[in-house]
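Proteins come first, then strands; the chains are lettered A, B, ... in the order of their sequence lines, and each starts at number 1.
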Amino acid sequence: MPELLEALAHPAPQVAPVLLGARLSVGGVTLRLTEVEAYGGADDAGSHAFRRTPRSDIMFGPPGRLYCYLSYGIHVCANVVTGRDGEAGAVLLRAGEVTEGVEIVRTRRPGVADHRLASGPGVLCRALGIELPANGTDLTRGPIRLELDPEPPTNSSAGPRVGLRQAATTPWRFWLPGEPTVTRYRAALARGRGRDGA
DNA sequence: CTACCGATATTCT
DNA sequence: GAATATCGGTAGA
């Protein structure tokens with residue numbers, strides 16, 4: 001469907017709220033997105049695409065592909081590439097509600113409460129079984145599918161992004177209010193090691 | 001519930 | 001050498 005690609009061919013902050021309520025399906029597991037974050041290009045100091053590197057290269061490509069990277073050297077995080085070919089942008093998938101294949105996800109995350117199965121960008125990928133090699137996957141026809149909510153949510157909230165030191169106040173995090181799967185905002189994250197200031 | 005801390009790939013200094 | 005788009009375990013209120 002070219003409809004999805006049209007929706008994604010815009011700057012990330014514009015696309016991000018539209019992705020709320022969308023379904024991401026992988027291998028029998030379906031996730032309803034409840035929390036996302038927008039990342040831009042050279043004008044966004046908090047974005048991997050602030051500078052073009054081998055890792056961020058895919059963010060400059062055509063929309064509708066998956067951008068996977070390793071966070072803190074350990075956790076896999078997944079983004080949907082947005083913007084036309086040549087325009088850098090991506091939307092980080094931060095949290096969602098498992099609507100299909102809950103029993104599969106439970107075996108991947110034993111002991112975790114259902115509403116926390118995919119509440120966070122790293123654990124979201126673990127819940128769906130997304131690994132680094134999924135980087136570059138076409139979300140319109142591959143084993144990983146993205147489908148927009150036919151009725152886009154009208155009640156989304158916006159606020160600062162999580163975990164950034166750069167451009168930390170830009171309100172490019174979007175979520176569905178009242179959803180228990182949404183990660184709680186941690187205000188005090190100044191790491192004690194290295195340096196600190198406030 | 002909150003707070004600290006270690007693991008560690010990619011990137012930058 | 002150090003920072004970062006994080007998480008889960010452990011300790012304490």
Side-chain angles (χ1 to χ4, degrees), chain A residues 11-17 19-20 24 31 33-61 63 65-83 88-96 98 105-136 157-175 180-198:
Chain A
Q14 186 180 329
V15 175
L19 287 179
L20 291 173
L24 189 67
L31 196 75
L33 298 179
T34 57
E35 181 186 0
V36 296
E37 271 176 7
Y39 288 88
D43 52 343
D44 180 10
S47 172
H48 287 168
F50 183 61
R51 293 186 186 88
R52 192 164 189 167
T53 67
R55 183 177 67 169
S56 67
D57 197 55
I58 186 164
M59 286 180 67
F60 292 81
R65 304 214 286 218
L66 199 65
Y67 165 41
C68 298
Y69 71 95
L70 211 48
S71 182
Y72 288 87
I74 302 175
H75 307 289
V76 178
C77 296
N79 303 245
V80 176
V81 175
T82 72
V91 176
L92 173 67
L93 310 180
R94 284 200 58 90
V98 178
V105 182
R106 284 197 192 117
T107 65
R108 289 178 182 151
R109 304 193 29 110
V112 176
D114 280 2
H115 69 284
R116 291 278 158 102
L117 286 175
S119 70
V123 297
L124 181 149
C125 286
R126 268 224 267 159
L128 292 173
I130 294 178
E131 308 280 352
L132 270 189
N135 191 40
S157 300
R161 294 181 289 190
V162 176
L164 285 77
R165 314 270 297 225
Q166 299 293 321
T169 59
T170 313
W172 281 357
R173 170 180 177 245
F174 303 88
W175 68 92
T181 55
V182 174
T183 61
R184 270 194 321 109
Y185 179 57
R186 312 168 173 125
L189 269 184
R191 285 273 97 90
R193 76 173 173 215
R195 80 176 78 184
D196 197 352

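Among the atoms of the strands shown, none is found under 4.0 Å from any heavy atom of A:R52. At a threshold of 4.0 angstrom between heavy atoms, the contacts of A:G120 are confined to the sugar-phosphate backbone, with no base atom among them.
Contact annotation: the side chain of A:R173 approaches that of A:V182 to within less than 4.5 Å [non-hydrogen atoms, C-beta and beyond].
For A:R116, the CZ atom is loosely surrounded, since the number of other residues' heavy atoms within 6.0 Å does not exceed 12.
Rounded to whole Å, the separation between the P atoms of C:dA5 and B:dT13 comes to 14 Å.
The side chain of A:R173 contributes no N or O atom lying less than 4.0 Å from OP1 or OP2 of C:dA5. Of the side-chain N and O atoms in A:S71, none sit less than 4.0 angstrom from OP1 or OP2 of C:dT4. Close to C:dT4, at under 4.0 Å from its OP1 or OP2, lies a side-chain N or O of A:R165. A sub-4.0 Å separation between OP1 or OP2 of C:dG8 and a side-chain N or O of A:R126 is present.
Taking atom OH on A:Y67 and atom C1' on B:dA9, their separation rounds to 11 Å, with Å as the unit. Between A:Y72 atom OH and B:dC5 atom C1' the separation is 13 Å, expressed in whole Å. In this structure, A:L70 places its CG atom 13 Å from C1' of C:dC7, rounding to the nearest Å. Atoms CD (A:E37) and P (C:dA5) sit 10 Å apart, rounded to a whole Å. Rounded to whole Å, the distance from CG on A:L92 to P on C:dC7 is 9 Å. A:R94 places its CZ atom 7 Å from the C1' atom of C:dA5, with the value rounded to the nearest Å. Separating the NE2 atom of A:H75 from the C1' atom of B:dT10 is a distance of 15 Å, rounded to the nearest angstrom. Atom CG of A:D57 is separated from atom C1' of B:dT10 by 14 Å (rounded to the nearest Å).
Taking CG from A:L20 and CH2 from A:W175, the interatomic distance works out to 10.0 Å, rounded to the nearest 0.5 Å. Note that CZ of A:R94 is 10.0 Å distant from CG of A:L124, once rounded to the nearest 0.5 Å. Note that OG1 of A:T181 is 10.0 Å distant from CG of A:L117, once rounded to the nearest 0.5 Å.
Residue A:I74 has its side chain nearest to B:dT8 when only C:dT6, B:dT8, C:dG8 are considered. Minimum atom distance to the side chain of A:R51 is reached by B:dT13, of the listed B:dT13, C:dC7, C:dT6.
Across all strands shown, C:dA5 remains unpaired; no Watson-Crick or G-U wobble contact has both distances below 3.5 Å.
A donor-acceptor contact under 3.5 Å is formed by the side chain of A:Y69 with the base of C:dA5.
Toward the 5' end of DNA chain B, the nearer of the two residues A:G73 and A:R116, judged by each one's closest nucleotide, is A:R116.
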(request) Determine, stepwise, if the pair A:Y39 / A:V91 fulfils side-chain contact (heavy atoms from CB on, under 4.5 Å). (result) CA-CA 6 Å; A:Y39 288 88; A:V91 176; over 6 Å; no
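Remark: ring of A:Y39 overlaps the six-membered base ring of C:dA5 in a stacked fashion, centroids less than 5.5 Å apart, planes less than 30° apart.
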